Every structure is written in structure tokens, then in C-alpha cells.
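What follows is a set of notes on a single structure, which appears directly below.
Treat the numbers as computed from the prediction; the structure is a model and nothing was measured. Throughout, protein chains are lettered first and strands after them, A, B, ... in sequence-line order, and every chain is numbered starting at 1.
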2 protein chains.
Amino acid sequence: MDTALDRAVRVFRERGYHATSIGDLTAAMRLATGSIYKAFRDKHAVFLAAFERYTARRQEQTRSAAARGTNGRDRVRNLLLSYVAQSQGTEGRRGCLVVGSAVELSAVDSVVAARVGAQLKTNEDFIAGLIREGQADGSIPGHVAADDTARLMICITQGLRVVGKARLPLDGTRLVGVAMKLLA
Amino acid sequence: MDTALDRAVRVFRERGYHATSIGDLTAAMRLATGSIYKAFRDKHAVFLAAFERYTARRQEQTRSAAARGTNGRDRVRNLLLSYVAQSQGTEGRRGCLVVGSAVELSAVDSVVAARVGAQLKTNEDFIAGLIREGQADGSIPGHVAADDTARLMICITQGLRVVGKARLPLDGTRLVGVAMKLLA
DNA sequence: TTTATTAGGAAACAATCATTCCCTAATAAC
DNA sequence: GTTATTAGGGAATGATTGTTTCCTAATAAA
């Protein structure tokens with residue numbers, strides 16, 4: 001069932017919520033219509049489960065990318081580099097369920113809106129924490145405004161997903177090189 | 001007809017493409033079904049016309065915001081401030097048609113994908129031009145990489161629309177204050 | 001072995017979708 | 001004044017949507 005949900009994640013990422021029909025889901029999840037409705041109340045419940053699975057996995061990836069750094073500054077850099085990599089090529093074209101949900105659903109679906117907002121807040125807090133770590137270990141100047149900088153970096157990461165979905169090429173080294181000025 | 005198209009823009013911004021039915025369009029545009037299909041070949045054509053109208057108007061607003069600056073640096077600052085303002089509150093919740101199209105359609109609709117890409121490129125070139133102006137008038141250091149910085153700023157502006165649609169509050173002065181470090 | 005219980009699949013369902021068709025007024029041409 | 005031509009409106013149409021129902025096969029319980 002978890003592998004079926006992974007396949008649902010993929011379809012929702014590529015097509016979004018409304019453009020994904022139950023037929024698309026049966027084909028992708030390799031489950032018949034009745035089986036899907038036996039496992040989930042309706043299409044919306046499938047989406048919510050897929051969303052949760054996606055964010056859990058992404059959070060894992062993001063944190064392990066950050067963990068590869070040796071100090072606060074390096075951890076932020078690695079996090080940003082990981083986001084650029086995720087926003088590019090095949091993976092980038094596949095899209096991000098969080099930005100997809102924010103754009104397509106958060107205006108009309110308060111349940112999804114709440115989860116999107118919570119996810120963004122979690123990521124923002126994580127980045128702010130990394131910045132404070134950097135200030136503690138001396139790799140980031142103390143005058144950097146951690147919260148404001150974290151919020152701007154969230155905008156950068158979400159914007160990367162939009163631009164990546166639009167197929168614009170993204171040079172990780174150069175882009176992140178520029179972005180690191182925010183920690184000066 | 002132009003005022004009807006403005007109303008179509010509003011609906012598409014709020015609901016996106018797939019979630020907007022012809023019924024929604026007739027209600028919003030105050031035109032009967034037959035009238036819409038007499039003016040446009042199909043729903044897709046209505047969307048394309050709305051997209052074009054939206055980008056034209058937005059481009060106007062962005063350029064006039066930038067024009068209020070007295071040098072390159074100030075023009076970039078005003079452009080960013082204008083983007084934050086557009087991404088906030090009622091207007092922000094309404095959403096951006098470029099971001100919406102990139103996320104919802106560019107993977108499956110090559111016509112829309114091309115227009116989205118062109119629009120992003122136009123905006124990026126405009127910002128890069130402002131940076132070069134600033135370097136010429138001395139308000140921006142010559143060592144700033146104009147193209148890379150412009151691309152990152154595009155990510156910021158698109159990300160602002162995503163975050164604004166998710167209802168996170170955006171403090172323009174503080175956010176842009178941090179972002180201006182990219183021109184240091 | 002027999003009986004329950006369950007997972008899964010396919011057809012049937014009503015509702016909604018985009019689209020087409022035809023009708024009515026109103027304006028333009030002659 | 002009469003006739004074309006056009007803009008606009010609304011009902012009808014076929015396809016597709018999400019959902020429900022029923023059936024089958026397999027496993028677990030007795």
C-alpha cells in the first residue's frame with residue numbers, strides 16, 4: 001500500500017489535484033477503483049495521504065543534506081544546494097507537492113491550506129535554527145536577522161521549484177553562491 | 001469584452017485552470033455559454049487570452065514601480081517592494097497567473113509552458129538591466145554578477161507569490177532589506 | 001471442512017464537464 | 001422597408017468525472 005501511495009505522489013506532483021482523475025490513480029497505483037475507495041474515503045483523502053508521505057520524505061532528505069555540513073553556514077549552503085538539485089531536471093519537472101498544493105488548493109481547501117502553512121513554517125524554523133547555530137559556532141555574523149533571512153530563504157526555495165517546473169536551467173553553484181551573501 | 005476578460009483573469013487566478021468550469025466563467029464574465037464560444041475557440045483560448053492580459057498589466061505595474069527609483073539600486077528595491085505588496089493580503093491570496101500556470105500547466109501544456117518561460121525570461125532580463133544600470137550609476141558594486149543575481153531574484157519573486165498564497169504574512173521592509181544584501 | 005471476513009476488481013451510477021446547436025434581437029446594407 | 005449579418009443567450013449533447021455497488025477469490029476463524 002505504501003508503494004501504491006508513492007505512485008500516487010508521483011501523479012499528483014506531475015498533474016496536480018484537479019487534473020488527476022481516479023482513472024489516472026488506478027493506472028498509477030495499479031489498484032482498481034473499488035480498491036482505492038476501500039482504502040481511502042475519497043479522492044481528497046488519497047491526496048492528503050500522498051501529501052503527508054511526500055512531506056515526510058522531503059523533510060528527511062532536506063535534513064540529511066543539511067547534516068552533511070560541518071558548521072551552521074555549511075549546513076545552510078548544503079540545504080540550498082539540495083533544493084536547487086531537487087528543482088532541476090526530471091525531478092524538478094515533476095514538481096513539488098507543497099508549492100502545487102499552495103497554488104492550486106490553498107485558496108479553496110482549508111485543510112490543505114493548513115498543512116501547507118504548517119510545512120512552510122516547519123522548514124522556516126529549521127532554517128532559522130541553522131542560522132542561529134552558525135552564529136553560535138562563529139560561521140555566520142551575529143548581526144544577521146535569523147527569522148527574516150529564513151523567511152526570505154523559504155521564498156527562494158519555493159521560487160526555485162516554480163522556476164524549475166518552468167524548465168529554466170538552474171546553476172546550483174552560482175545561484176547558491178549569490179544566495180550566501182544573505183549570511184554576510 | 002476586455003472587462004469580461006478581466007473578470008476571467010480573476011477567476012483563473014483564484015481557482016486555476018482545471019478547477020474553473022465554463023459555468024464559473026459565464027457567471028464571472030456575465031456572458032452566456034454560447035457567447036463565450038463565439039468569442040473564443042474553447043476554454044483553453046479563453047485562458048490564453050486571460051494570461052496575456054494579465055502579464056501585460058503586471059508588466060506595466062512592475063515597470064512603473066521600478067521607474068519610481070532614482071538609481072539602479074533604488075529601482076531594484078522598488079521592484080521587490082512592489083512584488084511583496086502584490087503577494088500579500090487579498091491580492092496575494094488571489095494569486096499570480098504566471099506562477100499558477102507554471103505549476104499547474106507547464107508540464108502538460110507546451111503552449112502555456114512557452115509563454116510562462118518567456119515571461120520569466122523577460123522579467124529576469126529586466127532585473128538584470130536594472131542591476132547593470134546601478135553598476136553604471138555607481139549605486140551597485142561592479143563585482144555583482146548581474147545575470148546570476150537576476151535569476152535568484154526571479155526565484156524570490158515567484159517564491160513570494162507561493163508564500164503569499166499560503167497566507168504567510170510578509171513584511172516588505174524587512175524582507176527587501178535582507179534581499180538587498182544580494183547587491184552588496 | 002465449513003464459515004466469516006476481507007482485499008480487490010469491474011460494471012453501473014448520477015453529476016458535472018466542455019462543447020455544439022439553434023433561437024432571438026438588434027444592427028447594417030441595400 | 002426589407003433583407004442580411006451578427007451578437008448574444010439558453011437548451012441539448014456526449015464525454016468524463018467521482019462515487020457506489022456488487023461480485024469474486026482468498027485468507028482467517030471455528
Here the gap from B/Lys121 atom NZ to B/Phe126 atom CZ, rounded to the nearest 0.5 Å, amounts to 14.5 Å
Output a table of nitrogen or oxygen pairs between the protein and nucleotides 12-16 of chain D separated by less than 3.5 Å.
none

For DNA chain D, whose closest nucleotide is more 5', that of B/Lys38 or that of A/Lys38?
B/Lys38
B/Asp24 and B/Ser21: side chain donor to acceptor below 3.5 Å:
yes
When every non-hydrogen atom of A/Lys165 is compared with those of A/Arg94, the smallest separation belongs to NZ-O, 3.3 Å
For C/dT20 and B/Tyr37 - does any side-chain N or O of the residue sit under 4.0 Å from the phosphate oxygens OP1/OP2?
no
Expected list for residues 103-116 of chain A near DNA chain D, using heavy atoms below 4.0 Å, is none
Quick check on C/dG9: is either OP1 or OP2 less than 4.0 Å from any side-chain nitrogen or oxygen of A/Ser35?
yes
Examine the side chains of B/Arg161 and B/Gln158 and answer whether a donor and an acceptor come within less than 3.5 Å of each other.
no
Regarding A/Thr20, tell me which of base, sugar-phosphate or nothing describes its non-hydrogen contacts under 4.0 Å with the strands shown.
sugar-phosphate
Quick check for you: to the nearest 0.5 Å, what is the distance between B/Glu124 atom CD and B/Thr157 atom OG1?
9.5 Å
Looking at B/Arg63, B/Arg58, B/Gln59, which one forms a side-chain hydrogen bond (donor to acceptor under 3.5 Å, both in side chains) with B/Gln61?
B/Arg58
So, taking the atom named CG in A/Leu152 and the one named CD1 in B/Ile156, what distance separates them when rounded to the nearest 0.5 Å?
4.5 Å
Does a donor on one side chain and an acceptor on the other come within less than 3.5 Å for A/Arg132 and A/Gln135?
no
